[in-house]
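Data block below; observations after.
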There are 2 protein chains.
Amino acid sequence: MSNIRDVADAAGVSPATVSRVLNGKATSLVSEATRERVLDAAQSLGYHPSAAARALVAGRTDTIALATTNIHDPHYARALDVAQAIAEEFGYHLLLMPDADDTRLQSLLRERRADVIVRLRYPVDTADEVAAAVVSEEQVVIAVGPIDRQMPLSTPCACWDDREGIRAAVEHLAGLGHRRVAFLAGRPAQRKERYALEAAGADMTIVPVCIEPGSLDDVGRGAALARLALQREPGVTALLAQNDTFALGALHALREDGIAVPGQVSVVGYNDTFLAPYSCPPLTTVRTPLAECVSRSLRQVMEALSTQHGAVQPQSLQLHTELVVRASTACPPTT
Amino acid sequence: MSNIRDVADAAGVSPATVSRVLNGKATSLVSEATRERVLDAAQSLGYHPSAAARALVAGRTDTIALATTNIHDPHYARALDVAQAIAEEFGYHLLLMPDADDTRLQSLLRERRADVIVRLRYPVDTADEVAAAVVSEEQVVIAVGPIDRQMPLSTPCACWDDREGIRAAVEHLAGLGHRRVAFLAGRPAQRKERYALEAAGADMTIVPVCIEPGSLDDVGRGAALARLALQREPGVTALLAQNDTFALGALHALREDGIAVPGQVSVVGYNDTFLAPYSCPPLTTVRTPLAECVSRSLRQVMEALSTQHGAVQPQSLQLHTELVVRASTACPPTT
DNA sequence: TTGTAGGCGTTATCAG
DNA sequence: CTGATAACGCCTACAA
């Protein structure tokens, strides 16, 4: 394993000169002749500066950390894709963290393993101890997630309002004439369930249904939820799922049980993952700007970091959700 | 930002003692009293050792790098999930790399950004310059992918044989009576296409169809491929897709065009992603042990790394594919 | 049981 | 234009 001194020896110069050549701030600071000798030596030795040593002295790691849950869910996978692309564009590396307890993320910052940390939070406006743990001038925490407006925001974030998305879905169903809608939830008393109840007018009833994770995968849970809803809640003519994955499971269950969608029961998803247009029938769902939020806020921070020199603040950003009507919703059957 | 000296000062001891307490090899080396003082000081200062400094002196980064393409594809996302879980289990961090040119991966190793690098390769048995770039005793490269048996393996790998999987799919279709099958490929002259041609008996014809990426997403490409195949190749009664994502697109296109699956046309996927059981109809496909390969080989290496001290070698491993028959295949229509 | 000193590989500052 | 030299923060002999 060759270090800077090996290269220096091979080129017959000092380590300082090698460093100058390789970091090449001002080209004029070193003569063309030695410059070439150094480059040759580095090349033939296969030399690369140690990231650790460099980070130690520079105080930067050229690393972006992404903290998120459910990487297997297509919705989050897309955010990952976006972050990956931006990291590459700026010559950074991408560190992946499960969205575990704040403790782990804090130590990530304190150990200075990343300069930028993108954090998916549900909801985004809860006290953020991780952001408070920022120490170095170069460290930035970007919070991304749905905003719940429960408390004033102490730090900037990139967000959207699920209230808006859920309302659009509920009103869409109400407009079609549905009066009794089951909300397919992962766990009891979720945020979105609350929004659905808020959005329902006097002539609409929202019936929450939930199932603990257990041994099922997410699609399987969606299927189980759909069956539970129709069996336990007579009169339900539409299912509003917490996410597209559940909705896909619901579609599957209904198909298996011979219940026509949207003829007998309508189904609405959430997030508009890439599968939604291809389901059977194509899924009516709400597009959520997660990937866009990650993309915009991360890019803004990276650009600031690459030009500016002092502390960098992510700009706050709120984008809109959008109802995407496809073929899984229609008027309820006229009995 | 507090360092080890701050903690030492706060506790009234030397930095060496702090280090000893925090790394706590042999508990007996430091008295209980000072131990507690140090711990308290570290706690109240929010001290975490700098990863860079530690990596510099230890020569290890406690980081696993995963190099892969198509993170948004459910098949690879699952491998990511698995790697993430193992990394966490062993207290490691996970660095994500696009499976770019070898150059970037080599510099990853040379810069010592990761101790272990898991590499998805297609096929696995091509000359591996990245593995050859390993320098430190602590660095390990794990190659995972389908084996093509084109050349003898110079390094160990975790693999499976797509020849086996494709053959099972082809024979399944042949057994049902299909005589003309389109192979839905991403690009011309892929490995799997070759295998399909090899596996076809005298009474079966394989017709390769392909479409360049263009602006379509993968599902959309699958749909386009299916339409192209049926339109351009009369007499085709079955579609064998290169992966489940294409197959899902194919199912969608056929449904839209009013072609019954499996009544008129059969469809077979590849990989058995989590969506396969829930498609419409449920997809007959070939399970590929990618996640299992990553899981086993990575775990083996991590365990070796945590006990053993010298150079660690991944053990070679070959697992089997498995045909999973669901509802998207049947006998061809009897005209 | 604890402290002192040297070095890990770089970069930056300051002389030359 | 180039070369010593001093950090960066930590760990680990070795000495006390």
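Note on naming: letters A, B, ... go to the chains in the order of the sequence lines (proteins, then strands), and numbering restarts at 1 for each one.
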Practice task
Using whole Å, report how far CD of Glu111(A) lies from P of dG9(D).
Solution key: 15 Å
Practice task
Take atom CG of Leu22(B) and atom C1' of dC11(D), then tell me their distance rounded to the nearest Å.
Solution key: 12 Å
Review item, nucleotides 2-6 of chain D N/O atoms under 3.5 Å of protein N/O:
{"unit_1": "dT2(D)", "atom_1": "OP1", "unit_2": "Ser31(A)", "atom_2": "OG", "d": "3.2"}
{"unit_1": "dT2(D)", "atom_1": "OP1", "unit_2": "Thr34(A)", "atom_2": "OG1", "d": "3.3"}
{"unit_1": "dT2(D)", "atom_1": "OP2", "unit_2": "Ser31(A)", "atom_2": "N", "d": "2.9"}
{"unit_1": "dT2(D)", "atom_1": "OP2", "unit_2": "Thr34(A)", "atom_2": "OG1", "d": "3.1"}
{"unit_1": "dG3(D)", "atom_1": "OP2", "unit_2": "Ser14(A)", "atom_2": "N", "d": "3.0"}
{"unit_1": "dG3(D)", "atom_1": "OP2", "unit_2": "Ser14(A)", "atom_2": "OG", "d": "3.2"}
{"unit_1": "dG3(D)", "atom_1": "OP2", "unit_2": "Thr17(A)", "atom_2": "OG1", "d": "2.7"}
{"unit_1": "dG3(D)", "atom_1": "N7", "unit_2": "Arg20(A)", "atom_2": "NH2", "d": "2.8"}
{"unit_1": "dG3(D)", "atom_1": "O6", "unit_2": "Arg20(A)", "atom_2": "NH1", "d": "3.1"}

Handout entry: Matching residue for Val301(A) among Val116(A), Ile64(A), Asp115(A), Val141(A) - test: side chain to side chain contact (heavy atoms under 4.5 Å, CB included)
Key = Val116(A)
Exercise for the section: Would you tell me whether Asn271(A) and Arg78(A) have side-chain atoms, one donor and one acceptor, within less than 3.5 Å of each other? Expected result: no
Handout entry: Glu303(B) backbone acceptor or donor facing Thr307(B) side chain under 3.5 Å
Key = yes
Exercise for the section: Mind running side chain to side chain contact (heavy atoms under 4.5 Å, CB included) on Ile142(A) and Leu298(A) for me, showing each step along the way? Expected result: CA-CA 7 Å; Ile142(A) 303 177; Leu298(A) 183 53; 4.0 Å; yes
Handout entry: Trp160(A) and its side chain to side chain contact (heavy atoms under 4.5 Å, CB included) partner, picked from Leu317(A), Val124(A), Leu290(A), Ile147(A)
Key = Leu290(A)
Handout entry: Under the side chain to side chain donor-acceptor pair (under 3.5 Å) test, residues paired with Arg149(B) that sit two or more places apart
Key = Asp161(B)
Problem - Residues Val30(A), Thr17(A); criterion side chain to side chain contact (heavy atoms under 4.5 Å, CB included); working and verdict - result: CA-CA 8 Å; Val30(A) 53; Thr17(A) 302; 4.3 Å; yes
Exercise for the section: Find the distance Arg110(B):CZ to dT10(C):P and express it as a whole number of Å. Expected result: 13 Å
Fill in the blank from the handout: In short, the helix from dT1(C)-dA16(D) to dG16(C)-dC1(D) is bent end to end, axes from five pairs each side, to 10°, by 40°
Fill in the blank from the handout: Here the distance between atom P of dC1(D) and atom CD of Glu36(A), to the nearest Å, is 15 Å
Practice task
Using heavy atoms and a sub-4.0 Å distance, could you list which residues of residues 45-61 of chain A are near DNA chain D? By number, please.
Solution key: Leu56(A), Val57(A)
Exercise for the section: Look at Asn3(A) and dC8(C) and indicate whether a side-chain polar atom (N or O) is within less than 4.0 Å of OP1 or OP2. Expected result: no
Exercise for the section: Compute whether any side-chain donor of one residue and acceptor of the other, for Asp128(B) and Thr155(B), lie under 3.5 angstrom apart. Expected result: no
Handout entry: Interatomic distance where CZ belongs to Arg113(A) and P belongs to dC10(D) [whole Å]
Key = 13 Å
Handout entry: Between P of dA12(C) and CG of Asn23(A), the distance in whole Å
Key = 7 Å
Practice task
Could you tell me which non-hydrogen atom of Pro156(B) sits nearest to which non-hydrogen atom of Gln315(B), and how far apart they are?
Solution key: CB-C, 4.4 Å
Exercise for the section: Please report, rounded to the nearest Å, how far the P atom of dC10(D) is from the CE atom of Met1(B). Expected result: 9 Å
Distance-only donor-acceptor pairs under 3.5 Å for side chains of residues 86-93 of chain B, two or more places apart:
{"unit_1": "Glu89(B)", "atom_1": "OE1", "unit_2": "Arg299(B)", "atom_2": "NH2", "d": "2.3"}
{"unit_1": "Glu89(B)", "atom_1": "OE2", "unit_2": "Arg299(B)", "atom_2": "NH2", "d": "2.9"}
{"unit_1": "Tyr92(B)", "atom_1": "OH", "unit_2": "Arg60(B)", "atom_2": "NH1", "d": "3.3"}

Exercise for the section: Quick one: list whatever passes side chain to side chain donor-acceptor pair (under 3.5 Å) with Thr126(A), sequence neighbours left out. Expected result: Arg121(A)
